[in-house]
Amino acid sequence: IEELANREVNAIPENLYKIIQTVIFRIGVLLISNPHLYRKLEGASITERLCDIGISINPAASWCYFTKAKVLQTKGDDERALAMIDSALELDRTDPKTWLNKADILLGFGTDKSKIDAEDCLKKSLELNPSNAIALIEQIWISWHEKNFTQCKLQIDAAMKANPYEPLV
């Protein structure tokens with residue numbers, strides 16, 4: 001991976017393209033499920049470089065921007081993560097996971113405006129996928145944080161109705 005990450009994009013043979021896509025996708029999945037792992041990795045810059053390679057090879061692939069946004073968010077660089085997720089949304093506004101990730105990034109800013117924007121993103125994510133358990137849970141978390149327990153209860157009931165077999169709900 002280090003050798004691949006240090007190559008110039010135009011020096012990568014075409015047959016490695018699918019391998020790069022797979023590696024970037026798996027890194028994204030790994031980081032999404034284990035953010036503490038990213039902090040322990042000494043090769044975090046390699047992860048970013050692989051994302052850059054993916055974007056350079058296929059600039060029309062929104063998932064490359066999504067993955068880089070997740071890498072940057074895990075690194076604590078929310079400003080750049082937000083810019084990356086916006087780039088992903090420019091390419092594909094129909095992916096509920098991208099809207100959910102944008103909401104998650106915005107909630108990290110901790111301002112009233114970012115919370116309102118995050119709620120809009122969660123609504124869009126749920127509009128695209130009504131049984132999106134993580135988006136439903138994020139909404140519940142926002143209501144809980146605001147101490148709006150009535151809304152919380154309604155959202156929990158809606159989440160259980162929309163996705164009764166999701167263990168997170």
Side-chain angles (χ1 to χ4, degrees), residues 9 14 16-35 38 47-145 151-152 154-169:
V9 173
E14 276 189 47
L16 286 179
Y17 175 69
K18 289 288 182 194
I19 294 170
I20 292 169
Q21 280 186 323
T22 302
V23 168
I24 292 170
F25 177 74
R26 289 180 190 252
I27 287 169
V29 169
L30 178 69
L31 292 174
I32 289 166
S33 58
N34 299 301
Y38 181 87
T47 308
E48 279 188 63
R49 179 68 182 128
L50 283 172
C51 290
D52 290 337
I53 290 170
I55 290 168
S56 297
I57 290 173
N58 193 355
S62 66
W63 66 268
C64 290
Y65 297 91
F66 174 91
T67 303
K68 182 155 184 186
K70 201 63 184 168
V71 168
L72 293 168
Q73 180 188 18
T74 305
K75 187 178 169 184
D77 192 347
D78 290 340
E79 291 288 339
R80 287 180 52 213
L82 186 59
M84 278 295 124
I85 208 68
D86 284 340
S87 295
L89 286 169
E90 285 175 21
L91 295 168
D92 182 5
R93 301 188 70 74
T94 63
D95 182 6
K97 287 179 247 154
T98 306
W99 286 103
L100 176 62
N101 194 33
K102 182 171 182 174
D104 193 39
I105 293 167
L106 287 166
L107 286 172
F109 287 107
T111 66
D112 288 340
K113 180 174 178 359
S114 65
K115 185 184 71 63
I116 291 167
D117 292 344
E119 288 172 342
D120 291 342
C121 291
L122 289 172
K123 286 177 188 169
K124 183 66 175 175
S125 179
L126 288 168
E127 177 185 306
L128 295 166
N129 179 6
S131 62
N132 184 337
I134 304 300
L136 293 165
I137 290 167
E138 291 256 356
Q139 280 189 323
I140 294 165
W141 181 85
I142 290 170
S143 295
W144 182 268
H145 184 70
Q151 184 65 22
C152 232
L154 293 172
Q155 289 168 332
I156 290 169
D157 291 344
M160 291 180 76
K161 183 179 178 183
N163 203 339
Y165 302 107
E166 173 58 53
L168 293 173
V169 174

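Both backbone and side-chain heavy atoms feed into the values below; hydrogens, waters and symmetry mates do not.
The shortest side-chain heavy-atom distance between K123 and Q139 falls under the 4.5 Å cut-off. Considering only heavy atoms from C-beta on, K70 comes within 4.5 Å of D104 through its side chain. At least one side-chain heavy atom of L106 sits less than 4.5 Å from a side-chain heavy atom of K102. Looking at D117 and F109, their side chains never come closer than 4.5 Å, going by heavy atoms from C-beta outward. When side chains are defined from C-beta on, K68 counts as touching R80, because their heavy atoms get closer than 4.5 Å. Taking 4.5 Å as the limit, every side-chain heavy atom of I142 sits out of range of all side-chain heavy atoms of Q155. Contact of the I85 side chain with the Q73 side chain is not registered, since no non-hydrogen atoms from C-beta on lie closer than 4.5 Å.
Taking every heavy atom of both residues into account, S125 and A135 meet most closely at OG-CB, 3.9 Å. Between G110 and S114, the shortest heavy-atom distance links the atoms N-OG, 3.7 Å. Pairing each heavy atom of I140 with each of A159, the nearest pair is CD1-CB, 4.3 Å. Of all non-hydrogen atoms in N101 and A69, the two that sit nearest each other are ND2-CB, 4.0 Å. Minimum interatomic distance between A162 and L136 (heavy atoms only, all atoms of both residues): CB-CD1, 4.2 Å.
For K115 and E119, the salt-bridge test passes: some basic side-chain N is under 4.0 Å from an acidic carboxylate O. The pair D157-K161 does not count as a salt bridge, with every side-chain nitrogen at least 4.0 angstrom from each carboxylate oxygen. Checked for salt-bridge contact, K97 and D92 miss the test: no charged N lies under 4.0 Å from a carboxylate O.
For the pairing with T98, the side-chain contact (heavy atoms from CB on, under 4.5 Å) check across L89, L128, L91 returns one residue only, L89.
The backbone N or O of P59 lies less than 3.5 Å from a partner atom in the side chain of Y65, making a donor-acceptor pair. For the pair W99 (side chain) and R93 (backbone), a donor-acceptor distance under 3.5 Å is present. Between the side chain of T67 and the backbone N or O of W63 there is at least one donor-acceptor pair closer than 3.5 Å.
With rounding to the nearest 0.5 angstrom, the CD1 atom of I105 is 10.0 Å from the CG atom of L100.
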